[in-house]
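FYI, side chains are in, hydrogens and waters are out, and symmetry mates aren't considered; it's all heavy atoms of this structure.
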Amino acid sequence: MSERRARFDRLYARDIDPWGFRTSGYEQEKYHATLAALPRSRYGVGVEAGCSIGELTRLLSSRCHYLVGIDVSSVALDEALRRNADRPNIRFRRGELPGAWPDMPVDLVVLSEVLYFLSPLEIDALAGRLSQTWCDGGDCVLVNYLGPTAESLQGAEAADLFIEALKRRTSVQHPTGTTRGQYRLDVLIRPR
């Protein structure tokens, strides 16, 4: 078991909702803004990396025919499975990014408050994996906390690294990049 997986399993074992995904006004507003930022009303296949206990996953599932939620923590994914048992269009996958990225075409990618947990090399590799599976005309939404993190990367820095790595590999339009209080929201589109 990796140190990252063990760290997050311990965190969720102590508190199944450590960031208040279900109760925090910040989280609820951020979910609303994320859904509102999606350029399309429906997607074929979506991926939410860092899905945690599946709260945003549940909301995204109403916009996707098929949705894959990825997280490193088995404890968090057990709760996500329980919470979303009534959503047959959601599948969960345990693994670390970038290696856990699914090898299938996707037209929606959501990376919400996950990039700053990765190293610069992992962010670069994730952009590479994504660029191989991201469909033409597909959308990618990044949400990054702007306050201090206990990680080596901060939110804005991680977002910038990811966007630049993606632009080195494929054509990307960046129609939306806004700061909303304590977070930054970026919408990226792969042109047709």
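In the model, Thr133 has a side-chain atom that pairs as donor or acceptor with a side-chain atom of Trp101 under 3.5 Å. A donor-acceptor contact under 3.5 angstrom links the side chains of Arg190 and Thr170, judged on distance only. Under the 3.5 Å distance criterion, with hydrogens and angles disregarded, no donor-acceptor pair is assigned to the side chains of Ser52 and Asp71. Side-chain contact annotation: Asp139 with Tyr43, donor-acceptor N/O pair under 3.5 Å present. Donor-acceptor pairing under 3.5 Å is lacking for the side chains of Ser112 and Glu48. Between the side chains of Ser74 and Arg5, at least one donor N or O lies within less than 3.5 Å of an accepting N or O.
Relative ring orientation between Tyr183 and Tyr26 is described as perpendicular, the plane-to-plane angle rising above 60° on a 0-90° scale split at 30° and 60°.
Here the side chain of Asn84 pairs a donor or acceptor atom with the backbone of Gly54 at under 3.5 angstrom. Gln28 places no side-chain N or O within 3.5 Å of a backbone atom of Gly25 that could act as its donor or acceptor partner.
Counted within 6.0 Å of CG on Asp15, heavy atoms from surrounding residues, nucleotides or ligands total more than 12; the atom is thus considered enclosed. Counting non-hydrogen atoms of other residues, nucleotides and ligands closer than 6.0 Å to NE2 of His65 gives a total of 12 or fewer.
Of the candidates Thr178, Thr179, Asp160, Asp160 is the only one forming a side chain to side chain donor-acceptor pair (under 3.5 Å) with Arg184.
Taking the six-membered ring where the residue is Trp, the centroids of Phe117 and Phe8 are separated by under 6.0 Å.
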